[in-house]
Amino acid sequence: MLASSLELAADGGWDAVQMREVAARSDVAIGTLYRYFPSKENLLVSVMLQQIRDLSERISARPPSATESAACVEEVLARANKALQSTPEATKAMIKALVSGNTDVALVVEMVRDEMRGLLAFAYAGDGAVSDDDMLRIDLLSDIWLATLVGWICGTEEAGEVQARLAEAVGSLFA
């Protein structure tokens, strides 16, 4: 169901992700789809969660090559941005769902936040401890990342500007 949703979103964005079409492509009953994903927003945020988990697996298999913590964080964000920008329509749909304010999405939004937080903490400290101050920096960086992605999908930021702004933020927060 997640793969079908991602394909539909990549091909046609938000409007292309119709619950009936997702169910048909996934060869499941519409009721089964709604049992797991009560709304389109929930479904698309779940796709985003899976994308972050996939990125986490790729990072584990091929950790950042940088030696400094801040540079590792920047590299992980660059890899995330490259993946997101490779499917702009899907990314637009996932971000729209993430910020929808739909209350049935809250748990999955929290999972997305926690997964990204863990990924950035790993990039920063490896298997080492992360201080409360470092976690605050990671949380602030995550907020900046989301804001730049929203700017990108709205057309107020160019794709290349997203990483440049994040590099500035990493430099400021982790200097």
Side-chain angles (χ1 to χ4, degrees), residues 1-61 73 75-123 138-163 165-166 169:
M1 292 181 275
L2 296 176
S4 295
S5 301
L6 180 59
E7 289 172 10
L8 286 166
D11 290 343
W14 175 266
D15 292 335
V17 181
Q18 299 296 318
M19 298 299 267
R20 287 195 187 287
E21 182 63 22
V22 171
R25 282 192 182 205
S26 303
D27 199 28
V28 298
I30 189 80
T32 301
L33 178 64
Y34 276 109
R35 182 176 319 125
Y36 292 101
F37 307 103
S39 67
K40 177 162 116 171
E41 291 86 353
N42 189 292
L43 177 62
L44 285 167
V45 175
S46 296
V47 170
M48 184 175 215
L49 177 62
Q50 186 59 52
Q51 293 291 299
I52 294 170
R53 288 178 173 162
D54 291 347
L55 174 64
S56 186
E57 287 179 17
R58 290 192 305 272
I59 297 291
S60 292
V73 169
E75 185 178 333
V76 165
L77 288 171
R79 287 164 71 175
N81 287 331
K82 183 179 178 183
L84 289 171
Q85 291 174 352
S86 71
T87 56
E89 291 303 314
T91 299
K92 289 176 186 179
M94 290 184 293
I95 298 294
K96 184 175 181 176
L98 187 74
V99 300
S100 69
N102 186 341
T103 56
D104 75 53
V105 181
L107 178 62
V108 186
V109 168
E110 184 177 8
M111 293 167 70
V112 165
R113 185 195 66 218
D114 290 347
E115 198 76 30
M116 197 63 198
R117 188 179 204 228
L119 181 57
L120 293 176
F122 173 77
I138 287 167
D139 288 343
L140 291 170
L141 184 59
S142 294
D143 292 345
I144 293 166
W145 184 44
L146 178 59
T148 59
L149 288 175
V150 168
W152 172 62
I153 69 168
C154 291
T156 61
E157 302 251 5
E158 294 295 322
E161 292 174 8
V162 171
Q163 191 60 37
R165 285 186 54 120
L166 290 172

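Pairs of residues two or more places apart, or lying in two chains, that qualify as salt bridge (Lys or Arg N to Asp or Glu O under 4.0 Å) and include a residue from residues 31-56 are Arg53-Glu115.
Of all heavy-atom pairs spanning Val105 and Ala97, the tightest one is CG1-O, 4.3 Å. Minimum interatomic distance between Val112 and Met48 (heavy atoms only, all atoms of both residues): CG1-SD, 4.3 Å.
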Just distance, no hydrogens or angles: give the donor-acceptor pairs under 3.5 Å from side chains in residues 7-18, sequence neighbours left out.
{"residue": "Gln18", "atom": "NE2", "partner": "Asp15", "partner atom": "O", "Å": "2.6"}

Listed pairs under 3.5 Å, donor-acceptor, residues 81-90 side chains, sequence neighbours left out:
{"residue": "Asn81", "atom": "OD1", "partner": "Trp145", "partner atom": "NE1", "Å": "2.7"}
{"residue": "Asn81", "atom": "ND2", "partner": "Leu77", "partner atom": "O", "Å": "3.2"}
{"residue": "Asn81", "atom": "ND2", "partner": "Gln163", "partner atom": "OE1", "Å": "2.6"}
{"residue": "Gln85", "atom": "NE2", "partner": "Ala159", "partner atom": "O", "Å": "3.1"}
{"residue": "Ser86", "atom": "OG", "partner": "Ala83", "partner atom": "O", "Å": "2.6"}

Expected list for residues 22-31: side-chain donor-acceptor pairs under 3.5 angstrom, two or more places apart:
{"residue": "Arg25", "atom": "NE", "partner": "Glu21", "partner atom": "OE2", "Å": "3.1"}
{"residue": "Ser26", "atom": "OG", "partner": "Ser4", "partner atom": "OG", "Å": "3.1"}
{"residue": "Ser26", "atom": "OG", "partner": "Val22", "partner atom": "O", "Å": "2.8"}

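Taking the side-chain contact (heavy atoms from CB on, under 4.5 Å) definition, one finds that Glu110 meets it with Leu107, Arg113, Asp114, sequence neighbours left out. Residues satisfying the side chain to side chain donor-acceptor pair (under 3.5 Å) test with Arg58, not counting sequence neighbours, are none.
Here Leu33 contributes atom CG and Met19 contributes atom CE; the two are 4.0 Å apart, rounded to the nearest 0.5 Å. Atom CD of Glu161 and atom OG1 of Thr148 lie 10.5 Å apart (nearest 0.5 Å). The SG atom of Cys154 lies 10.0 Å from the CD1 atom of Ile95; values are rounded to the nearest 0.5 Å. Here the CE atom belonging to Met116 is positioned 6.5 Å from the CG atom belonging to Leu55, to the nearest 0.5 angstrom. In this structure, CG on Leu2 lies 6.5 Å from CG on Leu43, to the nearest 0.5 angstrom. For the atom pair CZ (Phe37) and CE (Met1), the distance works out to 5.0 Å, reported to the nearest 0.5 Å.
A distance-only check finds no donor-acceptor pair linking the side chain of Ser56 to the backbone of Ile52 [under 3.5 Å]. One N or O on the side chain of Asn42 and one on the backbone of Asp104 form a donor-acceptor pair closer than 3.5 Å.
Within the 4.5 Å cutoff, the side chain of Leu98 has heavy atoms near those of the Leu146 side chain. Side-chain atoms of Glu158 and Trp152, non-hydrogen and from C-beta on, never get closer than 4.5 Å to each other.
Environment of CZ in Arg79: crowded, with over 12 heavy atoms of neighbouring residues, nucleotides or ligands closer than 6.0 Å.
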Given side-chain contact (heavy atoms from CB on, under 4.5 Å), test Ile144 with Arg165 step by step and report yes or no.
-> CA-CA 9 Å; Ile144 293 166; Arg165 285 186 54 120; 5.7 Å; no
